[in-house]
Structure formats: structure tokens, C-alpha cells
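Have a look at the structure below before the remarks.
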2 protein chains.
Amino acid sequence: MNHNGPYKLREPLAEIAACCSLPQALETMGERWSFMILRASFNGLHHFEEFLEELGIARNILSNRLTRLVESGILKRAPCVDDRRKIEYRLTDKGLDLLPTMIALRQWGEKWESGVPSNPVLVDERDRRPIQPISIRAHDGRVLTHNDLCWIDIADLNNATGNEGEHDGVVKRIATI
Amino acid sequence: MNHNGPYKLREPLAEIAACCSLPQALETMGERWSFMILRASFNGLHHFEEFLEELGIARNILSNRLTRLVESGILKRAPCVDDRRKIEYRLTDKGLDLLPTMIALRQWGEKWESGVPSNPVLVDERDRRPIQPISIRAHDGRVLTHNDLCWIDIADLNNATGNEGEHDGVVKRIATI
DNA sequence: CAATATAGGTTGCGAATCACTACCTACTAT
DNA sequence: ATAGTAGGTAGTGATTCGCAACCTATATTG
């Protein structure tokens, strides 16, 4: 922890708490513009100039972010067959899997920041009814709050329904999220 | 949009796309360390020096972040009655409401970054069984993917189940997340 | 009471990142 | 051949980050 060079370069968040995967997730997605680029990708944008115009981001920063998002497997580059100048940026499965996180963040912003019901509304295509608020659910579907949660050791998972009052591997109330 | 001073200062993300609340949500939570401080708050830390030691963040940055999180209503300051040097930082309802977002991000990191099942496991206190993956759900509880989603105008919400094939206010496939 | 320690900052400085403009290269269209 | 487009790099100024030093108010200790 002593001070070698003049200044330590920015330490990766992932090494702060190795036990938790939140810092690792933030390593790429925590940077400025990353979520906005992801949003634009979900909105159907695929090309450098499209992102540039839509987001109003600087060219070099966009280039840097796209490179990092590709490196971390959230986007993939693909050359266009019809125009070999163009490159397509498309969401990978890993990138698509960020949709719940993004919608949760959006719903939070809707509820607490903008306040307005936000038009248009995101709905299920099948019945045209709004989606539910993103929430934490128990195995049987009950919605849980932070008061209902605790941590147990993975080794004690199997005997969960068995013995109730004994030593049951509870670690802490909220130990490490 | 023209260029007044030598350089425009950093434009708030919220003004990029006023129609969507994701940029507004990112205004505070998109900064480096914000989610890590939130996580530490959920983990039961309440004091400046605790955050300092736990996160290894610089003092001035921590001070700045805590101020911003308080300003945006995610944390609240409260003086300690037993020791008037101390200040307690506690999650507000707005801050507590970020838990689904944070767990979604954590689960994503677990699945795609660390890979390992991550020990200990977050479980429902009542039956000690792991929580479900955070997901997008239709009003009836079906899990939806990005292929199942579309946007409709809020004015067309009421006649959703009525006329099916007519003009029904569909805006775009994925318009603005 | 004086001396010291603690909690929560603020200030100053070097390093890294961001934003803006100006290029630059490969390819396409005319 | 010439001009235009897509994607990206390089240079420069502004902002933020990381580190150490200092500062103020309160607690603790002798």
C-alpha cells in the first residue's frame, strides 16, 4: 500500500472486492457513455456515425468505448457485406442480457427522477399491456425487499427446507451485494 | 450548438435524450464509485471513514460523491446523537429502490464476468432458497426478452385488449429504452 | 485544564480522462 | 479522376481522479 511511483494509475474496481461481481460488471459498464451506447444499440443503431449523431459523443471517446465494449464481449464488430467501409456493431448475448439491468435503471429514473409516466410505454407485444416493475423475487415469485434477503453459504443450500432452527449457514443480514 | 467558449463543459447526459429517464438515472449513478458506495451502504456501512477504508477511494472523491448522492436524494445525512463528530449516511427510499438494479447488474456480472456461482448466495430469508434471476415480466408474470417488447403511446393503453388489428399506437419495435 | 486523537472534510498538485477540432485511410459514388 | 463517406487517430485544452497535506470541530485522556 506504499507509494511507489509518483502516482498509482487507476486501480480496476474489480480488484476492490474480488468476492463480488458487481465491481467486475462496473469495470466496463460503469464508464461514462457505456450505458448510453448500450441503449442506442437496443434502439437499433449499429454504426459509428449513427452513435455519433444520436449521442453527441466525441469521436475518439466513442471509438474508445466501442473498442472496450467489443473487448468485453458486449458488442461485436462485423464488416458490412454491401459496403465494405461500414462496420456493424451488434449486441452479443452478453450484451442483450443487460436489458433487465437497463430497464430496471430506467424504471428507477422514471419513478424518482422524471416523475412523469414517460410516454411511450414499454409493453408486452402479445397483449399490449405494460410490463411489470423489475423486482426481486423469491423462488415462488413473491416480491422481496432488502429486508427479506440474507446470505447463506453455497454448501448449505441443499438442506434449506430441512432443518429450520439449527446452524444453517447464514452469513450476514446483507453481507456483500 | 455553436462553439462559444474555448470548450463546452461536460454536458449532462440527461439533456441528451430528454424523453428517456435512463440518462437522468445515469446522471448521478453513472459516475465512478457511485454504485460501489451504494453497495457499501446496503452492506451496512454508514460513516465516512468506513467507506474510505472499505472502498479505498480518495478522500476528496468520496466527499464529492457522498455530497452528490445526498443532493440527489439517494443518501441522507444525519448527525450522530452519541458522537457529534460523526455523520450517518443512510439510504433513503429512493436509494433503497435501486436494489433491483444493483442485483440485476451483479447477477449479470456473476453470469458473464466471474463465471463462478459466487459464494455466499443471496436467498429469501423465509425459505432460504436463492432468489430468481432478475427478469422482465409481462403483467401476468411471463418472462419477456427484448424480442417480446414494443412501445405504445400512453393514450392507447386503455383500449389495449379491445380492437386488435387496427391502428393501435405502436410506435416502434424498440423505440427508446 | 492541556494535550492528543478522531471524524469529516478542504486544498493543492500531478496524472488520467474527456471534449473538440483537424487530420488520415480505405472504400464508394459520380 | 474527383469528390464524398465510414471509421478512426492525433493534438490540445478542460475536467476529473488519486494522493498527500492541512483544517475544524468534537472526544478522549492525563
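This structure is a prediction, so every number in the text was calculated from the model and none was measured. A note on names: the letters A, B, ... follow the listed sequences, proteins ahead of strands, and every chain is numbered from 1.
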Nearest-nucleotide pick for A:R65, side chain only, options being C:dT17, D:dG7, C:dG8: C:dT17
A:E54 (side chain) donor-acceptor with A:E50 (main chain) under 3.5 angstrom: no
Atom-to-atom span, CG of A:L62 to C1' of C:dC20 - whole angstrom: 14 Å
Side chain A:T92, main chain A:G95, donor-acceptor under 3.5 Å: yes
Any donor-acceptor N/O pair under 3.5 Å between C:dC18 base and A:N60 side chain: no
Please output the side-chain donor-acceptor pairs of residues 74-82 of chain B that fall under 3.5 Å, not counting sequence neighbours, one pair per line with the distance.
residue: B:R77; atom: NE; partner: B:Y89; partner atom: OH; Å: 3.0
residue: B:R77; atom: NH2; partner: B:T67; partner atom: OG1; Å: 3.4
residue: B:R77; atom: NH2; partner: B:Y89; partner atom: OH; Å: 3.4

A:I37 CD1 - C:dC18 P separation (whole Å): 11 Å
Between C1' of D:dA6 and CZ of A:F51, the distance in whole Å: 14 Å
Donor-acceptor contact below 3.5 Å, side chain A:R68 vs main chain A:S63: no
Gap between atoms CE and P, on B:M36 and D:dG18 respectively (whole Å): 12 Å
Distance, rounded to the nearest Å, where A:L55 contributes CG and D:dG7 contributes P: 14 Å
C:dG8 base / B:R59 side chain donor-acceptor hit below 3.5 Å: yes
Presence of B:R32 side-chain N/O under 4.0 Å of D:dG18 phosphate oxygens OP1/OP2: yes
Comparing A:I57 and B:F48 on DNA chain C - which has the more 5′ nearest nucleotide: B:F48
Short side-chain donor-acceptor distance under 3.5 Å, B:D127 and A:H139: yes
Side-chain (B:E88) to main-chain (B:H47) donor-acceptor, under 3.5 angstrom: no
Side-chain (B:Q107) to main-chain (B:Q132) donor-acceptor, under 3.5 angstrom: yes
Of residues 75-90 of chain A, the positions that come close to DNA chain D - non-hydrogen atoms, cut-off under 4.0 Å: A:R77, A:R85, A:K86, A:I87, A:Y89
For atom NE2 of A:H46 and atom P of D:dA6, their distance in whole Å: 15 Å
Atom pair distance, as rounded to whole Å: CD1 in A:I61 and C1' in D:dA14: 12 Å
B:W33 side-chain N/O to D:dC17 phosphate OP1/OP2 under 4.0 Å: no
